[in-house]
Amino acid sequence: MENATPRRVEHQQTDRGYVPVYATGVVEQPWDSYSVTDHEVWNTLYRRQRELLPGRACAEFLEGVERFGMGENGIPKFADLNALLGKTTGWQIVAVEGLLPDEVFFDHLANRRFPVSWWIRKPDQLDYLSEPDLFHDLFGHVPLLLNPVFADYMQAYGRGGMKAFGIGPGALMNLTRLYWYTVEFGLINTPDGLRIYGAGIVSSKGESIYCLDSAAPNRIGFGLERVMNTRYRIDTYQQTYFVIDSFEQLFDATRPDFTPIYQRLAAKTPHAAGDVLESDRVFNVGTREGWATNADT
Ligand code: PHE
Ligand code: CO
């Protein structure tokens with residue numbers, strides 16, 4: 001059988017560039033329609049990351065992978081994962097066609113539903129694809145939803161998203177940067193050293209190595225307004241990774257009402273992705289080796 005493919009509805013210009021937009025509805029995971037190749041892609045990606053991530057990903061992430069019993073037995077059934085997820089933190093995975101409009105995405109998170117693309121990349125896309133697939137969404141994001149603090153943070157982010165959506169595009173951009181530099185590309189400082197918790201990193205072999213081992217990128221202590229005012233790269237590894245001390249720190253920092261912060265930031269020029277500021281708590285000043293010189297998002 002052909003690999004299962006998603007249904008695109010239209011294309012739309014967004015802050016992430018020109019992206020496909022999919023049917024917004026929740027679908028049933030079409031598990032029976034996955035091909036042998038689809039399952040093999042999962043197994044290959046899973047094995048690669050499972051070997052690479054001990055000593056790189058944070059303990060909470062690795063523990064989540066174990067507790068779900070993810071493995072090399074093909075694409076997991078969402079219903080099986082949902083049984084544990086539901087009774088642990090009350091979250092549910094819902095199957096979707098792909099990237100959702102912002103307000104639909106926020107509504108899911110605010111109701112403790114995490115949208116996961118039901119389709120998986122092709123064998124020639126193991127190292128890079130331009131939009132999130134099942135491996136990124138599921139392996140990258142779902143393990144940490146078993147962590148109570150992170151689970152609450154994600155719901156609060158969804159509620160904050162609804163609010164930012166009502167305020168306007170500037171607020172939405174500031175909030176999207178927070179998601180980017182925490183949920184997708186965050187690092188966490190532990191007694192054993194820096195560890196990964198960002199889904200965009202743990203689902204990428206190349207960036208799982210680069211973000212910790214390369215001297216090129218900056219590694220800078222997390223600051224809420226610092227992050228919300230910093231542009232980012234969508235087409236290359238990150239130029240800067242922001243480091244939290246704990247999930248509690250992240251959740252506490254994001255507790256206040258963002259409305260005055262959005263107002264303040266609207267009057268400021270954003271920092272470039274690779275800037276290092278006087279006020280930064282610096283873990284590593286990047287050598288900037290191999291950095292693209294064209295504009296950030
Ligand atoms: N406190 C934020 C607000 O008032 C909401 C939020 C919480 C945003 C957690 C992101 C993460 O908008
Ligand atoms: Co993601």
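We count ligands from 1, going down the list as the structure has it; atoms in each ligand are counted the same way.
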**Message:** Please report, to 10°, the angle around the Co ion (ligand 2) from atom NE2 (His141) across to atom NE2 (His136).
**Reply:**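 For NE2 of His141 and NE2 of His136, the angle centred on the Co ion (ligand 2) reads 90°.
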
**Prompt:** How about Thr259 and Asp257: does a side-chain donor come under 3.5 Å of a side-chain acceptor?
**Reply:**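 Indeed, the side chains of Thr259 and Asp257 share at least one donor-acceptor pair under 3.5 Å.
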
**Request:** Specify whether an N/O/S atom of Asp137 falls short of 2.8 Å from the Co ion (ligand 2).
**Result:**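 It does not; every qualifying atom lies at 2.8 Å or beyond.
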
Contact atoms of ligand 1, heavy-atom distance to [X] under 4.0 Å:
| X | value |
| --- | --- |
| Lys163 | 3 (C), 4 (O), 12 (O) |
| Leu178 | 10 (C) |
| Pro256 | 1 (N), 2 (C), 3 (C), 4 (O) |
| Asp257 | 4 (O) |

**Asked** Between the side chain of Arg121 and the main-chain N/O of Leu126, is any donor-acceptor distance below 3.5 Å?
**Response**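 Present.
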
**Message:** Test your reading of the model: is there a side-chain donor-acceptor pair from Glu184 to the backbone of Ala199, 3.5 Å cut-off?
**Reply:**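 Side chain of Glu184 to backbone of Ala199: no pair is present.
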
**Prompt:** So do Tyr197 and Thr182 actually touch side chain to side chain, heavy atoms under 4.5 Å?
**Reply:**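 SC-SC contact between Thr182 and Tyr197 confirmed.
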
**Item:** 4.5 Å side-chain heavy-atom contact, Leu129 and Lys122
**Value:**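 They are not in contact (no side-chain heavy atoms under 4.5 Å apart), so the answer is no.
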
**Asked** For the ring pair Tyr157 and Phe251, is the centre-to-centre distance below 6.0 Å?
**Response**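 Ring centroids of Tyr157 and Phe251 are no less than 6.0 Å from each other.
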
Give me the nearest non-hydrogen protein atom to [atom] as residue plus atom name, then the distance to 0.1 Å.
| atom | value |
| --- | --- |
| atom 5 (C) of ligand 1 | Gly160 CA, 3.7 Å |
| atom 8 (C) of ligand 1 | Phe258 CE2, 3.5 Å |
| atom 7 (C) of ligand 1 | Thr254 O, 3.4 Å |

**Request:** Pick one of side chain, backbone, both or neither for how Arg255 approaches ligand 1, counting any non-hydrogen atom pair under 4.0 Å.
**Result:**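 Backbone only.
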
**Message:** Nearest 0.5 Å, please: how far is CG in Leu109 from CZ in Phe114?
**Reply:**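 Rounded to the nearest 0.5 Å, the CZ-CG separation comes out at 6.5 Å.
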
**Request:** Among the N/O/S atoms of Glu184, select the one at the shortest distance from the Co ion (ligand 2) and name it.
**Result:**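 Restricting Glu184 to its N, O and S atoms, the minimum distance to the Co ion (ligand 2) goes to OE2.
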
**Asked** Out of Trp31, Trp42, Phe68, which residue meets the side chain to side chain contact (heavy atoms under 4.5 Å, CB included) rule with Pro76?
**Response**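 By the side chain to side chain contact (heavy atoms under 4.5 Å, CB included) criterion, Pro76 pairs with just one of Trp31, Trp42, Phe68: Trp42.
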
